[in-house]
Every structure is written in C-alpha cells, then in structure tokens.
Protein chains: 2
Amino acid sequence: MYIYIIMNEDKIIVSIVEDIDDIRDALRVLINGSDGFECIHVYADAEEALESMTKKDINVVLMDINLPGMDGIDCMKALKPAMPNTQIMMCTVYDDDDHIFNALQSGASGYILKRTSPAQILEAIRDLHEGGSPMSSEIARRVVGFMQKKGKPSKAVEMLTNRETEILDFLAKGYLYKEIATELYISKETVKKHIHNIYNKLHVQTRTEALNKAFKR
Amino acid sequence: MYIYIIMNEDKIIVSIVEDIDDIRDALRVLINGSDGFECIHVYADAEEALESMTKKDINVVLMDINLPGMDGIDCMKALKPAMPNTQIMMCTVYDDDDHIFNALQSGASGYILKRTSPAQILEAIRDLHEGGSPMSSEIARRVVGFMQKKGKPSKAVEMLTNRETEILDFLAKGYLYKEIATELYISKETVKKHIHNIYNKLHVQTRTEALNKAFKR
DNA sequence: ATGTCAATAACCCATTTGGGGTATTTTATG
DNA sequence: CATAAAATACCCCAAATGGGTTATTGACAT
C-alpha cells in the first residue's frame, strides 16, 4: 500500500467543509478552475472532516458554520491542534456578533460571507494564506465595535474620585488593604473607607462585584 | 453676519490632519480630484484641528498619528465627543500592535497605512462613510490575534477538574461560598475545599489573584 | 464665612475568607 | 477487583473583608 502525499509549492491547497451540495460544488469548481489554487477535498459535515482531514497537508480550510450535527466552530476547534499551520476561514451566512466573535476567538483567521463574489473569495484565500485576515469591512466594523466596548470603563466608574479610581486599580490587581495602604502611604482604615465609598457608588458589596461592574468583561 | 453651513448630500466631506506637507497636499488633491469626495479643510497639527474642526459638518477625518505636539490618537479622543457622527480613519505608517489597538479602542473606525494606493484610500473613505471598518488584511490579522489572546484561558487552568472549573466560574461572578454551595447543592465546606485546591493549582492565595491568573486581562 | 467635597483616620462588630488538617463516598481506569 | 482521582464534608483558627459610625483636615466655591 502506498500513501501519496500531495505537495505542490505553486498552489494553495484548500479543503472545504460545507453541507449544501450546490455551494460546495460551486466552491470546488471555482477553486480548481483558478490558477494557483487546488481543492483537494470537500466534506459535507464536521464529523467527516474530522476523520479524514487531519493527516493531510492543507493550507486553507473554508468552513461553513451551519452544519448538521457538530457546527463549524466546534469542528475548527477540534481540527486546530492537529493542523497548526493551516489557516481557517469561516465562510457563512451569519453576520451577527456572536458567531463572528466566537469564530475568531476560537481560532479562525478569516471571516467572509457567502455573498462574497467568486473573485473576492479567491483573493481572500490568497490573503489568508499570506498571513492576512481577510474580512469584509462590515465584519471588521463589528470587530472594532467589540474592541471599543471592551476598552471602555462603565459610566458608573466616572462617578469615582481620582483617589478611588487609583485604589480600584489596586483592587483589580488583587492587593490586600494593607498592601494598598503601604503602597500609598496611608492607613489601612483609610483604604477601607475609600473602598467602602466605591462600593456605595457602584452599588456592590464585594471586591469581585466591583471589578465586574467597573471593567465589563 | 451670516453663517454658511456646508451641506452636500452628494459628496463625502473629508478633513485631513497630517503634518507632512507633501502627503497632506497629495491627499487633498486626490480627494478633491475625485467625484463624490470633497476635502474642505486640512490641518498640519492636532491643536489647529481642535480649534477649527469641531463646528463643521464632516463625514470623515483622515488622521495621522505622528504629529508634532499632541498625537493623532489624543486629538481624536478630544474631537470625538463634539462630532459623534464623524468617522475617523487613522492613516499612518505605524503598523505595530500598540498603535493599532490604541487607535481602535479610542474610537477610530478605520485604520490604513500610508502605503495604501490612492484608489484604495478613496475606497476606504467610502467604505468608512457607509458604516464599514476598512483596514488592510495585515491590520485585521493583528486585531484577530488580539481577540484570540484575550479569549483564551491560561494553561494552568487546564489542570483544573470540571468541578473546579465550574466553581471558578462562580467565583468570577462574585458569588459567596455559601451561594455557590446552594447553587450546586453541596456544602459550603466542600466549596471551600474545591477553592482551596484551585488556589494550590494556580499558586495563588486570593480570589482576585486566581481570576487574574485564570482569565488573562 | 460658610458649606460642601475629598481625603485622611479610628473604632466596634459580624461575616467571609483561606490555611491547616482528616475522613467518607463516588467515579474512573487499569 | 484494586487503586487512584475526584467530590463530598467537617474541624479549628487566624486573617481579611465589609457595614456602620464619627471626626479632622485642606481645598474650593458660594
């Protein structure tokens, strides 16, 4: 028995995981009909992909999210460890925040929508293979919006005085009252008083609640 | 005295903040020479921009980061509140993580590099004005990498048992021992024991330290 | 000058937390 | 079946936390 390993430095080797026959076929035809690309395998569901894909030398996986059984995001999570050099591009109809963030946080490097034109899909595959993260600018806007939310303290925190904010930062680092006191050259009781005031302003009773309210996470 | 307010629904109104004369002029000529765009003002530094820009009706600001005096990111922060409907695009030579994240977290919606071609710059401005977040796919990759780091628990957490992980999640929400106990139908002492084991595995002494170690932030 | 706010500090007291044990039961796993 | 790991539970005890209260000081505005 012989095992042939496909190695072709000229072409970008692509695999497709997509349950809808027409779309899967169209993508394969598109990719195989274009110079510099080769689609070596297509899978109709996650389970099938997990069985046969891992041992192959794939540059880029086009992964649908909505699959029967295991979804594309979980499939990607399962594939990733076995193929660390393969780039995964989500290619789906979902353009909501949850799917986008979930996919990108779980290891996808590109995210395109199915309505993307054939030329742009090829462009995106090449981009991905060359180390970029292709995504339409609407998708990018969602991602940027996400970062902006994360970076901002809540409004309630704006009610805090400078000293209180300073002490809140120490709390976030896990300092004890007495450590904060030493750090700021004030008494432990004063630290406690400040923290008490912080809790009143934020309407919380404990350190962790305060941190959760102050830095949304 | 009459005040003329420029309102032109056909054109995208652009302002430029850029200290290098040649680049500033080139951008203005590019924008004014293109259908559908109009550059109504250019500024050579942040201070000048802050004085005169706020009262005008601008769709898009092209902002350099490296300016003499106040930098472009601080300038943007100062401008934002006064012009909430204006989209800001950073247009700079910096492609390092710090500048990118700082700019996007602080309110920029687009981020392009100065080596972007004229046609792409116009495309990006239109994109931005239509609600997208234009950025090159290298920049996007940085942003995606950032999200992937944030979302991942540290390796140490993988040593925890299922029950321990479950309890750690309650800790993160700020639950008291007894609340966790009630929630899981186990005794408070057992919760304490689990938490004690968690602290041993993570080499920490307090709740906050554990959370900081478990979910990098 | 009067009043408010921020920061400082102290006191009492109950609850919570966490370190050190030990022990039983349940669940995997060989 | 035997053994290990995980989950359960309880004990003692010291330290940390947080609620409530009162008081002094300096700064700043009315």
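Protein chains get the first letters and strands the later ones, always in sequence-line order, with residue 1 at the start of each.
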Assess whether salt bridge (Lys or Arg N to Asp or Glu O under 4.0 Å) is satisfied between A/Asp96 and A/Arg142, documenting all intermediate values.
CA-CA 8 Å; A/Asp96 59 292; A/Arg142 303 299 191 89; over 6 Å; no

Item checked: B/Tyr185 vs D/dT8: side-chain N/O to OP1/OP2 distance below 4.0 Å -> no

Testing C/dT17, C/dA9, D/dT8 for proximity to the side chain of A/Ser187, the answer is C/dA9

- Item | Backbone N/O of A/Ile12 and side chain of A/Glu38: donor-acceptor pair under 3.5 Å | no

Which of C/dA6, C/dT8, D/dG19 is nearest the side chain of A/Thr190? It is C/dT8

- Task: Ignoring backbone atoms, establish whether B/Arg207 has a side-chain N or O less than 4.0 Å from OP1 or OP2 of C/dT16.
- Result: no

Taking any heavy-atom pair under 4.0 Å as a contact, classify A/Lys178: base, sugar-phosphate, or nothing. sugar-phosphate

Closest non-hydrogen atoms of A/Cys39 and A/Ile16, given as atom of the first, atom of the second and distance, are SG-CD1, 3.7 Å

Against the side chain of B/Asn162, the closest entry in D/dA7, D/dG18, C/dG21 is D/dA7

Open item on the list: Tell me whether the side-chain N/O atoms of B/Thr161 come closer than 4.0 Å to OP1 or OP2 in D/dA7.
Closed with: yes

Testing C/dA7, C/dT16, D/dA9 for proximity to the side chain of B/Leu176, the answer is C/dT16

Side-chain atoms of A/Thr206 come closest, of D/dG18, D/dC10, C/dT17, to D/dG18

Heavy-atom nearest nucleotide on DNA chain C taken for A/Lys192 and for A/Lys201; more 5' hit belongs to A/Lys201

